[in-house]
Amino acid sequence: MKTEYIKTDADNIDLQAIKKAGRIIRSGGLVAFPTETVYGLGGDALNAGSSQKIYEAKGRPSDNPLIVHIAQFDSIYKIASYIPPAAEKLAKMYWPGPLTIILKKTRIVPDETTGNLPTVAVRFPSHPVAQLLIKEAGGYIAAPSANISGRPSPTTGEHVAVDMDGRIDMIIDSGPCRIGLESTIVDFTCDVPMMLRPGYVSQQMLEDVIGTVEKDPAVFGEASEGVKPKAPGMKYRHYAPRGVLTIVSGKKADVINLINDRTAKNSSKVRTAVLCRSENTSCYPQADLVIDMGDDKNEEKIASRLYDSLRKCDEENIDEIYSEEFDTPGLGLAIMNRLIKAAGHNLIRV
Ligand code: TXA
Ligand code: MG
């Protein structure tokens with residue numbers, strides 16, 4: 001399949017291109033598009049065949065449900081059979097934005113879109129290109145992140161092209177995503193709302209609006225082995241670069257020592273990279289690649305650089321990647337959730 005690649009500015013949108021993209025989705029095709037979190041791989045959410053195509057293009061297991069993206073609040077009534085007042089309150093506060101809510105679905109949403117679950121994940125993104133595309137496509141776009149399953153999520157059009165060229169009809173490139181980590185997911189089908197995936201909207205920001213929010217124990221490490229996460233996607237290894245990623249946690253000097261030890265021991269055949277804070281970039285002279293992730297005072301920058309950094313390691317054919325721990329106060333939970341999964345839980349405490 002030939003993939004059409006279109007560039008458009010978010011503040012000067014190429015209307016004709018988006019209209020064409022909308023027609024592709026309405027006729028059952030797939031278009032990758034920017035959102036404020038990561039690039040999505042979009043198909044018509046109400047068309048079972050489109051959802052099947054999404055799973056194929058991503059190489060994703062079809063028991064892993066898709067998020068349905070809408071571009072006006074009222075669209076929710078057609079796909080959700082019940083919206084608890086707390087869900088509505090939260091959505092009114094953080095939509096459009098990086099928040100996904102899980103609700104009971106109506107029959108119009110195909111089982112293929114929800115991985116056979118009786119619930120549907122709904123998100124109203126704030127990116128103007130996403131909003132326009134959703135409207136042009138008929139109001140409901142199912143979109144997982146536009147990466148091959150298991151790889152780091154794409155935060156630029158180029159990332160999408162690396163994974164999806166030849167697999168989908170069109171890619172819309174509007175430059176880097178502002179946030180760079182996927183949306184926060186909150187489930188409203190349980191007694192107490194439960195956060196299933198951390199994101200830019202923190203637990204504190206949720207609780208400020210609706211009171212107590214629990215965290216899925218299977219995701220946040222408080223449960224014993226074998227407990228299944230409520231968001232099926234959270235059980236898979238994810239976000240992984242091709243090289244072996246190790247996170248090193250501990251006092252600054254100890255972390256630097258251990259990483260230097262590891263990068264020094266390796267033969268010249270093994271290419272190494274380090275993901276570190278700005279202040280530490282000169283501390284790893286032995287590594288082939290040192291990536292400046294920003295500093296703790298600007299955790300948004302760290303978040304937005306994460307996936308790009310992991311992909312850069314792939315481009316540079318890195319075999320071993322060592323990362324400092326980025327347990328910053330607000331976004332640290334989301335950053336470390338992704339980093340730990342990317343590392344396959346490979347974490348050394350020194
Ligand atoms: O920021 C985002 O949310 C991005 C952009 C493109 O909007 N999308 C995204 O989609 O991250 P995806 O498919 O990569 O992740 C969706 C997650 C998966 O872990 C999936 O299992 C979970 O949401 N999910 C979807 N529907 C669900 C449902 N009905 N119940 C529980 N979890 C659900
Ligand atoms: Mg994903």
Side-chain angles (χ1 to χ4, degrees), residues 30-43 45 51 54-55 57-71 79-81 94-106 109-127 129-131 133-134 141-155 159-160 163-164 172 177-190 193-201 216 218-219 228-240 303-304 307 334 337-338 341-342:
L30 303 185
V31 175
F33 63 99
T35 83
E36 69 279 19
T37 57
V38 300
Y39 275 75
L41 171 52
S51 293
I54 291 175
Y55 291 115
K58 266 185 78 90
R60 170 169 174 152
S62 56
D63 69 341
N64 188 1
L66 309 173
I67 295 174
V68 179
H69 295 67
I70 58 175
I79 54 173
S81 62
Y94 293 118
W95 278 358
L99 171 75
T100 296
I101 59 178
I102 311 275
L103 301 166
K104 292 213 168 66
K105 80 175 188 78
T106 60
V109 186
D111 289 338
E112 284 79 358
T113 301
T114 64
N116 287 316
L117 291 177
T119 55
V120 61
V122 192
R123 170 158 128 73
F124 180 171
S126 64
H127 198 293
V129 172
Q131 289 185 358
L133 178 64
I134 294 163
I141 293 186
S145 48
N147 51 284
I148 295 283
S149 193
R151 300 252 303 129
S153 300
T155 56
H159 294 165
V160 178
D163 281 16
M164 289 298 157
I172 304 172
C177 300
R178 183 171 57 83
I179 294 175
L181 293 181
E182 301 84 348
S183 59
T184 306
I185 303 180
V186 183
D187 186 354
F188 280 96
T189 65
C190 23
M194 186 181 278
M195 180 159 76
L196 307 188
R197 180 173 73 182
Y200 184 84
V201 180
D216 184 351
V219 174
K228 272 203 197 128
K230 289 193 73 189
M234 300 299 278
K235 71 176 178 265
Y236 296 107
R237 179 154 186 234
H238 251 163
Y239 321 120
S304 71
Y307 292 136
N337 168 268
R338 308 310 194 276
K341 287 189 115 188

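Every number for a ligand or one of its atoms is a count from 1 in the order of the listing. Reckoned from all heavy atoms, side chains included, excluding hydrogens, waters and symmetry mates. Since this is a predicted model, take the numbers as computed values, not measurements.
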Open item on the list: Below the 3.5 angstrom mark, is there an N/O of Y39, backbone or side chain, next to an N/O of ligand 1?
Closed with: no
- [ ] Give the contacting part of I102 toward ligand 1: side chain, backbone, both or neither, where contact means a heavy-atom distance below 4.0 Å.
- [x] side chain
Task: Between T100 and R197: side-chain donor-acceptor atoms closer than 3.5 Å - done: no
- [ ] For ligand 1, find out whether one of its N or O atoms is nearer than 3.5 Å to an N or O atom of E182.
- [x] no
Task: I185, portion touching ligand 1 at heavy-atom distance under 4.0 Å - done: side chain
Task: Heavy-atom nearest neighbour of atom 10 (O) of ligand 1 within options A231, S149, P144 - done: P144
- [ ] Report the nearest protein non-hydrogen atom to atom 13 (O) of ligand 1: residue, atom name, distance rounded to 0.1 Å.
- [x] R60 NH1, 2.8 Å
TODO: Looking only at distances, please establish whether an N/O atom of ligand 1 is found under 3.5 Å from an N/O atom of K58.
DONE: no
Open item on the list: Counting only nitrogen or oxygen atoms and a 3.5 angstrom limit, does T35 reach ligand 1?
Closed with: no
Task: Protein heavy atom at shortest distance from atom 4 (C) of ligand 1 - done: V38 CG2, 3.8 Å
TODO: If you have a sec, work out which protein heavy atom is nearest atom 33 (C) of ligand 1 and how many Å separate them, to one decimal?
DONE: P65 CG, 3.6 Å
Open item on the list: So if I count the atoms of ligand 1 from 1 in the order they appear, which ones are less than 4.0 Å from some heavy atom of L117?
Closed with: 28 (C), 29 (N), 30 (N)
Open item on the list: Residue-level breakdown please: for H127 versus ligand 1, do any non-hydrogen atoms fall below 4.0 Å on the side chain, on the backbone, on both, or on neither?
Closed with: neither
Open item on the list: What protein heavy atom lies closest to atom 14 (O) of ligand 1? Include the residue and the distance to one decimal.
Closed with: S145 OG, 3.0 Å
Open item on the list: Looking at the Mg ion (ligand 2), is there an N, O or S atom belonging to S145 that lies under 2.8 Å away from it?
Closed with: yes
Task: Polar contact flag for G233 and ligand 1 (N/O pairs, less than 3.5 Å) - done: yes
- [ ] Compute the centroid of each ring, for F33 and then for Y39, and state whether the two points are separated by less than 6.0 Å.
- [x] no
TODO: Return yes when P125 approaches ligand 1 closer than 4.0 angstrom through a heavy atom, no otherwise.
DONE: no
TODO: Please could you name the atoms of ligand 1 that K230 approaches to less than 4.0 Å, counting only its heavy atoms?
DONE: 31 (C), 32 (N)
Open item on the list: Which residue is it: L196, V219, D216? I am looking for the one with a side-chain contact (heavy atoms from CB on, under 4.5 Å) to I185.
Closed with: L196
